[in-house]
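Structure, as structure tokens:
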Amino acid sequence: MSLGLESTVEALLFLSADPVEADALAAATGAELHEVVSALERLREHYEFERRGLVLRELAGGWLLSTHPEAEPAARRLLARPRTPPLTPAQAETLAIVAYLQPVSRPEIARIRGVNAESAAATLLERGLIEESGRSQFGAVLYRTSELFLRLFGLGSLEELPAVSEFDPSPELEAELRERLLQAGEARAAG
Amino acid sequence: MSLGLESTVEALLFLSADPVEADALAAATGAELHEVVSALERLREHYEFERRGLVLRELAGGWLLSTHPEAEPAARRLLARPRTPPLTPAQAETLAIVAYLQPVSRPEIARIRGVNAESAAATLLERGLIEESGRSQFGAVLYRTSELFLRLFGLGSLEELPAVSEFDPSPELEAELRERLLQAGEARAAG
Amino acid sequence: MRIADLELDLDVFAGPFDLLLTLVLREEIDLLEVDLAEVVIAYIDHLERRGELDLEAATEFLVLIAALLELKSRLLLPGQEVDELIELDPGEAAEELLARLLDAHRYRSAAEHLRDRLAGQEGHRFRSAPLPPAIRRASLDEAGAVYDPARLASAIGDLLKIPEPVDVRHMVGSRVTVAERLTHLRALLRRGSFNFDEAVARADRVTVAVTLYAVLELFKQGELSWTQEEPFGEITIEPRRANGAVAPAERLTA
């Protein structure tokens, strides 16, 4: 026995972050619109009568799965705590570049690191440590650190970032920090 | 009547993008671990026996909801993108080497494959199947498989991969290679 | 076709690839004298003639040629004891080649397994959606200081370090081609004789080396000859005709 229409619709709504129109569900499942409408109705009743953790709601022109409001306190306990596993070297490098140079684009980060910054930047974004801040004149997404970043590093503001001079092996160079990082990055890439 | 533990767990898993450990579910719901474990079991059975559109699976060290595979054709029509494009032979070989030898550097991968691993490794990185894991003593970036790798390949942990010895060439093949490499030439050298 | 049967016609060896391997392993042919690039070119020619790629055979060839290259580069590496330089235990080398082939097979089977596994997971999709705002909002209040800002400063310090310049120019593919230098030399030859230093004025080392190679090539083709009075002295290059005589125009300018 193959999966019923109600269950297929359930799977489709599970995958959709935004409301889905019944028409779109009909097109995807190959069912008639009226069949989809009654499958949606059965799904809604199933969640309600069985007191499942999910709720089916009809919103601005579409159908959306969300969680039962009574699960919210537990969800907050599970998910509201920021995820703070130790930073990998690649993440620490990427985050440091964003922190000291912000706003900074991904291509610039890659030039300084000498390797692709894609996955480290994606993780930092996902954990909310950095966020997008417009686009550069060349259309690249720019990053800056977030409010959460300040909290997790115990900083009142960006001015409280430690001075680089302490860790700077070449303080005699006059150039701006950005310039010097790019130069060092290019030297690394060439090496 | 408040929401039952099974339904609360269902809601939490619906919201979580990553696999969740039973411990974390217990902490969030305030229930005992053994209660959570049996709630997870009931949830898994509910989806299975009622032929729902969702499946509860233990992957990458935690619990995660996914869609039922039979909903895949409809999902593909609705979302208009394949779940994961298949791997090319070069990508699969590179991934296999990383999976079994991690952490491993790109030069090492190239050594085993006999060819450059650059573009295959870049694609695997971009797809999030492998990630950086520090640098070797010679400064080469080391790679390991990611959590996403476990998830997409349906693995609870790396231990579930078959032992690499299972892929040892058969004694017949080994004899044939030896023959091809050494004795065949010897015969010609003699003849 | 099996790789073993690849027919080669090299300067130091003519015959099938497997025989070359055996002779190298038995030290009857010095690996240092085998032009591996020629082996690769022979293989590519062979592929072009066949017009299709036998993946199995190609993998085996790549693994073997890469292992040979590595053995050869080990022989070429300077700074080792002279004994070690000439010593390539044939038995060990053979076992190493075999081990490489076995490894390549092993990971190819493992790759096959992974691809099947991935295909078997087809259809299990996961949800990826942002958290509802009500739950996201709480996160700032829950955030305590867990990371040390000094980590960021030290990461920046590391990134500011300019690495010791490593001279790897010899490893970068040369930007100057033999063909280019041939054209350059022929242009100079048309004007008469010249000395080598003029031909490579202000050029980098790679260009000098490639130019020297181009000189040798033109010598081989009988287009020029040269004289050098003493070691490290000036090299005077003059044009020759195909029959070997110095061109008359040349005598006038010389």
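What you see below is based on every heavy atom in this structure, not just the backbone, and it leaves out hydrogens, waters and symmetry mates. In what follows, chains are A, B, ... by sequence order, proteins preceding strands, each numbered from 1. Everything quoted here is computed from the prediction, not taken from an experiment.
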Residue A:Arg178 excluded, over 12 heavy atoms near CZ under 6.0 Å = yes
note = Of the listed B:Leu25, B:Thr29, B:Leu65, the one with the largest count of heavy-atom pairs under 4.5 Å with chain A is B:Leu65
request  = Would you mind checking which part of A:Glu6 comes under 4.5 Å of any heavy atom in chain B, side chain (CB onward), backbone (N, CA, C, O), both or neither?
outcome  = side chain
key: Taking every non-hydrogen atom, the tightest pair across B:Leu54 and A:Glu10   = N-OE1, 4.1 Å
query = Is the CD atom of B:Glu21 crowded by more than 12 outside heavy atoms at less than 6.0 Å?
reply = no
ask   = Is it the backbone or the side chain of B:Ser133 that comes under 4.5 Å from a heavy atom of chain A, or both, or neither?
value = neither
ask   = Run the side-chain contact (heavy atoms from CB on, under 4.5 Å) check on B:Leu78 and A:Leu15 step by step: do they pass?
value = CA-CA 10 Å; B:Leu78 182 72; A:Leu15 293 174; over 6 Å; no
request  = Under 4.5 Å heavy-atom distance to chain A, tell me which part of B:Leu13 shows up: side chain, backbone, both or neither.
outcome  = neither
task = Kindly give the heavy-atom pair with the smallest separation between A:Leu79 and B:Ser16, and that separation in Å.
result = CD2-OG, 3.7 Å
request  = Could you check which of A:Glu72, A:His68, A:His46, A:Glu50 has the highest count of heavy-atom pairs closer than 4.5 Å to chain B?
outcome  = A:His46
key: Closest contact, heavy atoms only, A:Thr67 versus B:Phe14   = CG2-CD2, 3.5 Å
note = Scored by heavy-atom pairs under 4.5 Å with chain A, the best of B:Ala75, B:Ser146, B:Ala74 is B:Ala74
task = Identify which part of B:Val55 has an atom lying under 4.5 Å from any heavy atom of chain A, answering side chain, backbone, both or neither.
result = neither
inquiry  = Please classify the contact between B:Ala27 and chain A as side chain, backbone, both or neither, with a heavy-atom cut-off of under 4.5 Å.
reply    = backbone
Closest contact, heavy atoms only, B:Thr8 versus A:Ala71 = CG2-CB, 4.4 Å
CA sep, side-chain torsions, deciding dist, call: A:Arg52, B:Leu43, side-chain contact (heavy atoms from CB on, under 4.5 Å) = CA-CA 10 Å; A:Arg52 308 296 317 169; B:Leu43 188 59; 3.2 Å; yes
request  = Please state whether the side chain, the backbone, both or neither of B:Val9 comes within less than 4.5 Å of a heavy atom of chain A.
outcome  = neither
key: Heavy-atom closest pair, residues B:Glu70 and A:Leu3   = OE1-N, 2.8 Å
inquiry  = Could you check whether any side-chain N or O of B:Ser7 sits under 3.5 Å from a backbone N or O of A:Arg51, counting only pairs where one atom can act as donor and the other as acceptor?
reply    = yes
inquiry  = A quick test of your reading: do over 12 heavy atoms of other residues, nucleotides or ligands sit less than 6.0 Å from CD of B:Glu32?
reply    = no
